[in-house]
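Computed from a prediction, not measured in an experiment: that's the story for all the values here. Just so you know, ligand 1 is whichever comes first in the structure, and atom 1 is the first atom listed for that ligand.
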Amino acid sequence: MQKLAMAASSAALIALAGPLLAEPQAEVLHWWTAGGEAKAVGVLQEEFAEQGGTWTDMPVAGGGGDAAMTALRARVLSGNAPTAVQLKGPAIQEWYEEGVLADISDVAEAEGWADVLPASIAGHMKCDGQWCAAPVNVHRVDWIWANADVLDANGIEMPTTWDEFNAAAEKLQEAGVIPLAHGGQAWQDATIFEVVALGMLGPDGFEKAFVELDPDTLTSPEMVAVFDQMAKMRGYVDENAPGRDWNLATAMVMNGEAAFQIMGDWAKGEFLAAGKVPGEDFLCESAPGEGYLYNVDSFAMFEVDGEDKKAGQELLAKLIVGPNFQKVFNLNKGSIPVRTDVPLDEFDSCANKSSEDMAAASDNGALLPSYAHGMALRGAQAGAITDVVTAHFNSDMSSDEAVQMLADAVANSM
Ligand code: BGC
């Protein structure tokens, strides 16, 4: 009732203001279609409608957003860009360079974004000094999720080293449980790979390999060991993995068919949407090794005609960074607020751990951008790495061949 009344009163205000105030419109392209994701984006739709906005939904299913990015390119090429697009990391800069992004500095300045966002994250949202995207959250990628009962029944603790992980996986396999729930899609292979790489190369090695693209690190014995571990991981995955969506892999952990999943904390959004309780039904632990891989979702506004669409972009940008949305959205999404001034007391232990670990990592130089989720590299370089990772994961290619191929692919992509 209250919501309806608010919507009615803002609609009335808009009507009173007449032609001076355009009614906010937004066509929003995103890839949030799984249970927890859909609940989370529903929060934004609701807030937008309460403020008198009309939301046209353009969901493009496909974890990691590859399909959404293909759809975006087609829309922009046909001269009909959506109003707002889920876009992140260096891809924001790439679209800015194509001259198709709107400047949202007015909202950012009026709302004081610079005072409430960490400087490193604000940097991703700026293009040539102007604000070109609105950040939603911080997802951590390097997590291991587990079914608490399955671990208990098999006398297994959350692994703290990759050797422990391998030992646990072998024990589970003997007991007839699928050790690792996985979907054989390139972005999911890349997600496991970068988590293993962070754990085994350490934060400095990860940065050299996937931020600086240093050829010596890409072909180092440590990188060979990362591919060796990937070959082991392949053995822990069931034979029906190819093509499986990530949320179906999460469901396998929920129902006890599998023990672990290595995935960003959007997986927690799935557990929560299914009524599962952290620490009781499922466990979260940072993957073995030091460091924190961040993945910040954000929305960029595209250059569009029409006062109503521009009003929609302003309203969306304002709501996205607003404190209420930051809290309610992230409670559903599994991530943590990107604003530094949102209290976390209503958030669960996994979210609190994420926030504490992120602060510690930021202090000791171990806070790193996820390459698999488009935070570290431009599309061509990230794609070149993922092609090698997935080719290795899906064949009997040796680790030595893989590192050579990796270095060549990266060199050719520049
Ligand atoms: C996005 C998340 C999303 C996940 C699965 C990631 O790249 O950052 O928001 O939930 O992909 O689709």
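Minimum interatomic distance between Leu218 and Ala209 (heavy atoms only, all atoms of both residues): CD2-O, 3.7 Å.
One finds a salt bridge joining Lys353 and Glu285 here, because a Lys/Arg side-chain nitrogen approaches an Asp/Glu carboxylate oxygen to under 4.0 Å. Comment: Asp238 engages Arg244 in a salt bridge, judged by a side-chain N to carboxylate O separation of less than 4.0 angstrom.
The shell of residues lying under 4.0 angstrom from ligand 1, judged by heavy atoms, excludes Gly65.
Looking only at heavy atoms of the protein, atom 2 (C) of ligand 1 is closest to Lys333 NZ, 3.5 Å. Taking atom 3 (C) of ligand 1 as the reference point, the nearest protein heavy-atom neighbour is Glu37 OE2, 3.2 Å.
Under the ring pair (Phe, Tyr, Trp, His ring centres under 6.0 Å) test applied with His139, the options Phe329, Tyr292, Trp32, Trp266 reduce to a single match, Trp266.
Between Gly62 and ligand 1, no N or O atom pair is found at a separation short of 3.5 Å. Not a single N or O atom of Trp266, backbone or side chain, sits closer than 3.5 Å to an N or O atom of ligand 1.
Relative to atom 6 (C) of ligand 1, the option among His373, Met263, Met375 with the closest non-hydrogen atom is His373.
Atoms of ligand 1 found under 4.0 Å from any heavy atom of Gly64 (numbered from 1 in listed order, with element): 5 (C), 7 (O), 11 (O), 12 (O). If you number the atoms of ligand 1 from 1 as listed, the ones under 4.0 Å from a heavy atom of Lys88 come out as 1 (C), 6 (C), 7 (O), 8 (O). Near Asn295, with a cut-off below 4.0 Å to any heavy atom, the atoms of ligand 1 are 1 (C), 6 (C), 7 (O), 8 (O).
Judged by distance alone, the side chains of Asn154 and Lys171 never bring a donor and an acceptor atom under 3.5 Å apart.
Annotation: the span from Trp131 atom CH2 to Glu109 atom CD amounts to 8.5 Å, rounded to 0.5 Å. Summarising the geometry, atom CD belonging to Glu314 is positioned 9.5 Å from atom NZ belonging to Lys318; distances are rounded to the nearest 0.5 Å.
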